[in-house]
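Computed from heavy atoms alone, side chains included, the values below leave out hydrogens, waters and symmetry copies. First the proteins, then the strands, lettered A, B, ... as listed; each starts at 1.
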Protein chains: 2
Amino acid sequence: MQTEFTTLTLADQVEAKIISYIEDRGLKPGDTLPTEFELVNTFGVSRNVVREAMSRLRMLGLIQTRPKRGIIITEPPLLNGLKKVFNPNLFKLQTIKEMMGLRIALEVGISDFIFNNRTEKLIEELEQIVAQQKNISIDMLSVEDEMRFHTKIYEMAGNQFIIQLNEIIQPIFVFARQNYQSNFAPVNNQLRDSNEIITHEDLLCLIRENRKNDYREAIRTHLIPYWEFISNKTV
Amino acid sequence: MQTEFTTLTLADQVEAKIISYIEDRGLKPGDTLPTEFELVNTFGVSRNVVREAMSRLRMLGLIQTRPKRGIIITEPPLLNGLKKVFNPNLFKLQTIKEMMGLRIALEVGISDFIFNNRTEKLIEELEQIVAQQKNISIDMLSVEDEMRFHTKIYEMAGNQFIIQLNEIIQPIFVFARQNYQSNFAPVNNQLRDSNEIITHEDLLCLIRENRKNDYREAIRTHLIPYWEFISNKTV
DNA sequence: ATCGTTTTATTTGTCCTACAAATAGAACGA
DNA sequence: TCGTTCTATTTGTAGGACAAATAAAACGAT
């Protein structure tokens, strides 16, 4: 499992053993793990090593530690790790494109969820957002307005995990617009010329009128610029 | 940010500061961080604390450490953290349903990707998989056959991140079939009675014949049992 | 006897020192 | 100039010490 450039430290090993320990015994949130001293004895390593390993699991939200009480297993927030490493500066273009791809797939894929969860209140909130957005140039909204609209769409879908995932990967779009602006403009112009642009207003309208099938088609069209971005081999 | 039940340890604080340090300076993979001793001095904490924080970032794949060379920033594998905490035993039902939801959304959402990436080779591989699968009861495949088919579908979509995400959340379906089997049977029967079942053979056929629009509809139908599972409030 | 308070023992959080192991870079030599 | 050896630096691991928190036990008053 270990590649030739990484060495497996004792902390790595202890960490893996603890994770296995939890899985193998089918432990559940609320159950306790052995104390640091017991772990030191069973693994035959220094307390430092055990503490490094536990520190990692603690960060991931897999355990909680309290003096005297010991180490308690908790239901982990699933995206803690992703959130911490999500820094577009560190990503190569391929990764950025894959994030775009994920976003397209999710937003197309949640269409059914939206219409299943649709409430008057949510629609009104979406109307508010659409009403307040301003074009900064022709058919071009500010990043913030874009984010606000799409975030609300995810909210309507109602899946907390997907909502969080969207929140975490949002910065990718700010980043892409800042760094690859030129890649979006031509597609937009082309779409406008052929009168194919689907605006937020259009999407809102379809949601309000409960036109599920039309929405599924429309959201795909709306996302075409991103699709072009990830398909463009020359960027 | 700190809730009333969690205390922010020094390691938590140092970890956060290092992450900000990387973001604020716009550091990139290959760049180096200060040495442990320098961090000890700048933060005024013990080496232990610094090491706990770096140990976490190391685990996430954000940095690499080597004697004499110091601490080097790397492009982080995005799903390291999720992979480590992904243990269905620890999840409440709501979380399991959300994972199901994610899977449905993704699999519906990647339809366009599949037809964009479709190659003769991949189609043949999918044919192989479908040819080798065996019914364990009427219209019911083994978990392994299910996995093999859908994993190949994700592979056809070609998005590495989504492929990894699918690999990580796979255990949820094994888990759900083992623990909530009874929730799938009635839906399946109902679908069979109304002759609405879409099999893997049907999906393969649509892919082979390049019938993109039909596939988009078919995959939604194919996933109805899962949809019912997550919509069922009484489970 | 019960309830509230104090004490005690345990456990994690932090600091420190020491040494081993790896290695980048300098010094050296052919 | 190139390959080798040496040196200094840096991370990895060990172990000891004490502080802080707190669960559980002991205690005391009503």
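Both A:K68 and A:R47 sit near DNA chain C, but only A:K68 has its closest nucleotide nearer the 5' end. Nearer the 5' end of DNA chain D, as judged by each residue's closest nucleotide, is the contact made by B:P34, out of B:N48 and B:P34. Sequence order on DNA chain D of the closest nucleotides to A:P67 and A:Q13 puts A:Q13 first from the 5' end.
Taking side-chain N and O atoms only, A:S46 has no distance below 4.0 Å to OP1 or OP2 of D:dT13. Distances shown here put every side-chain N or O of B:R66 at or beyond 4.0 Å from the OP1 or OP2 atom of D:dT10.
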Please assess B:Q94 against B:E98 for the test side chain to side chain donor-acceptor pair (under 3.5 Å), listing each intermediate value before the final yes or no. CA-CA 6 Å; B:Q94 181 58 24; B:E98 283 179 8; 3.2 Å; yes

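When rounded to the nearest whole Å, the span between CZ of B:R58 and C1' of D:dT11 equals 9 Å. For the pair B:L39 CG and D:dT10 P, the computed distance is 12 Å after rounding to whole Å. Between B:M59 atom CE and D:dT11 atom P there is a gap of 19 Å when expressed in whole angstrom units. When the P atom of C:dT11 is taken as reference, atom CZ of A:F37 falls 9 Å away, rounded to whole Å. The distance from atom CD of B:E36 to atom C1' of C:dC15 is 15 Å, rounded to the nearest whole Å. At whole-Å resolution of the value, CZ in B:R69 and P in D:dT9 are 18 Å apart. Taking atom CD1 of residue B:I72 and atom P of nucleotide D:dT10, one finds them 13 Å apart after rounding to whole Å. If you take CZ of A:R51 and P of C:dC15, they are 11 Å apart, rounded to a whole angstrom.
The A:V49 side chain lies nearest to D:dT13 when the options are D:dT13, C:dT11, C:dT14. Out of C:dC15, D:dT11, D:dT13, the shortest distance to the side chain of B:T65 is found at D:dT11.
Proximity of a side-chain donor or acceptor of B:N116 to a complementary backbone N or O of B:F113 within less than 3.5 Å is not detected. A donor-acceptor distance shorter than 3.5 angstrom exists from the side chain of B:T74 to the backbone of B:G61, with no hydrogens or angles considered.
Using a 3.5 Å distance cut-off with no hydrogens or angles, the side chains of B:Q132 and B:Q128 do pair a donor with an acceptor.
Counting heavy atoms from C-beta outward, B:L33 and B:M54 have side chains that approach closer than 4.5 Å.
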